[in-house]
Amino acid sequence: MTLVTADLSVSLDGYVTGPGPSPAVPLGHGGERLHEWIHRLDSWRGMHGLPGGEGGPDSEILAEQAEGVGAVIMGGRMFTHGEAAWGEEPPFRVPVLVLDPTPREPLRRGNSLFRFLTGGAEEALAEAREYAGDGKIAVAGGALTVRRLLLAGLLDELQLHLVPILLGGGTRLFDGPVPEGIRLEQTRVIGSPTVTHLRYLVRR
């Protein structure tokens, strides 16, 4: 069975971006600090064609996250905010299903194919399963897309990378009412000096 998983870095006060995210400042003001733990890792640098970097548990977890992914789902705002930063060779290298209310033709950048779907999370998940086969489906974000799939009971695993910073505002992962029946079972906790990795199985 295909595993549907999401990984997000989150601040200690619950934000996945800083205040005022925009195409010019995709992670909001101060939000880049959420990902400082990633940029030094040899696994991340290898995914982006860069030499060097550090090994260790953080790097192993990031490599594990990317291993076996056959398709990616993301929201339209994440695509808009990230498109310029990804450049001509986005790091996905698999089909990416973008939830976007505006119809668009498919877009190929390097080895990544972006398809824009207007039918919602269920449509994207059905198409992602066709692409992924026995591989994983990674829900890349943003927060609204992850939350939508989680609360609809469509997410199997959630991994949060808790960064010890306070952003004071921005986009929250968990915001608003939660339906009954969604339970998170903690399956792993791994700490390092810069981040704590929390993995949950979603029970329905």
Side-chain angles (χ1 to χ4, degrees), residues 1-10 16 35 38 41-50 53 55 57-79 82-83 85-100 104-161 173 182 184-188 190 197-204:
M1 183 177 177
T2 304
L3 182 71
V4 184
T5 182
D7 287 77
L8 290 172
S9 291
V10 58
V16 297
H35 300 280
I38 295 176
L41 305 179
D42 56 4
S43 56
W44 183 87
R45 295 181 65 81
M47 292 174 198
H48 291 79
L50 301 172
D58 291 344
S59 184
E60 291 167 7
I61 286 172
L62 188 66
E64 174 190 81
Q65 170 189 334
E67 184 178 1
V69 172
V72 172
I73 295 173
M74 73 173 59
R77 187 166 65 175
M78 179 177 177
F79 174 81
E83 185 178 13
W86 297 327
E88 293 302 315
E89 188 56 73
F92 306 103
R93 301 181 181 89
V94 295
V96 180
L97 292 313
V98 182
L99 303 177
D100 195 325
R104 290 184 54 173
E105 291 297 315
L107 172 68
R108 181 173 289 279
R109 287 280 178 84
N111 292 317
S112 300
L113 172 67
F114 296 89
R115 286 181 47 77
F116 302 88
L117 306 181
T118 60
E122 290 82 359
E123 178 192 18
L125 188 56
E127 188 161 332
R129 290 189 192 280
E130 295 181 9
Y131 284 117
D134 294 330
K136 293 189 297 188
I137 297 171
V139 184
L144 178 61
T145 300
V146 172
R147 186 163 66 241
R148 185 180 299 162
L149 269 75
L150 174 65
L151 299 186
L154 301 176
L155 197 65
D156 299 313
E157 186 179 273
L158 174 66
Q159 185 161 225
L160 301 179
H161 310 285
L173 175 57
I182 300 293
L184 300 179
E185 177 186 330
Q186 187 168 281
T187 59
R188 187 173 71 181
I190 297 177
H197 309 282
L198 308 169
R199 189 174 67 186
Y200 301 93
L201 188 65
V202 182
R203 296 293 192 186
R204 300 182 280 276

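Counting begins at 1 with the first residue of the sequence. Predicted model, so just to flag it, every value in this text is computed and none were measured.
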key: Among Val146, Leu117, Ile137, Leu154, side-chain contact (heavy atoms from CB on, under 4.5 Å) partner for Ile73   = Ile137
ask   = Can you tell me if CD on Glu105 sees more than 12 non-hydrogen neighbours from other groups inside 6.0 Å?
value = no
remark   = Distance col, row Leu62:CG vs Asp7:CG, nearest 0.5 angstrom, shows 8.5 Å
remark   = Across all chains, not counting sequence neighbours, the salt bridge (Lys or Arg N to Asp or Glu O under 4.0 Å) partners of Glu157 are none
query = Hey, does the side chain of Lys136 reach the backbone of Glu67 with a donor-acceptor pair shorter than 3.5 angstrom?
reply = yes
request  = For Arg148, check side chain to side chain contact (heavy atoms under 4.5 Å, CB included) against everything at least two apart and list the hits.
outcome  = Leu99, Ala121, Leu144
query = Would you say the side chain of Asp156 lies within less than 4.5 Å of the side chain of Thr5, judging by non-hydrogen atoms?
reply = no
query = Is there a donor-acceptor contact under 3.5 Å from the side chain of Thr2 to the main chain of Gly133?
reply = yes
key: Any residue meeting side-chain hydrogen bond (donor to acceptor under 3.5 Å, both in side chains) with Ser59, in chain and number order, not counting sequence neighbours   = Asp42, Ser43
query = Of the non-hydrogen atoms in Leu97 and Ala71, which two are nearest, and what is the gap between them?
reply = CD2-CB, 4.4 Å
query = Hey, does Pro106 have a side-chain heavy atom less than 4.5 Å from the side chain of Phe116?
reply = no
key: Where Val202 and Leu158 come nearest, the two heavy atoms and their spacing   = CG2-N, 4.4 Å
query = Do other residues, nucleotides or ligands put more than 12 heavy atoms under 6.0 Å from Arg77 CZ?
reply = no
message = Once ring pair (Phe, Tyr, Trp, His ring centres under 6.0 Å) is applied, what residue pairs with a partner in residues 120-161 remain, sequence neighbours excluded?
response = Trp37-His161, His161-His197
query = For Glu185, what residues pass the side chain to side chain contact (heavy atoms under 4.5 Å, CB included) criterion, not counting sequence neighbours?
reply = Thr187, Leu201, Arg203
request  = Measure the shortest side-chain to side-chain distance between Phe114 and Arg108 over non-hydrogen atoms and say whether it is less than 4.5 angstrom.
outcome  = no
inquiry  = Taking side chain to side chain donor-acceptor pair (under 3.5 Å) as the cut-off, I'd like each qualifying pair that reaches into residues 118-130, sequence neighbours left out, listed once.
reply    = Arg115-Glu127
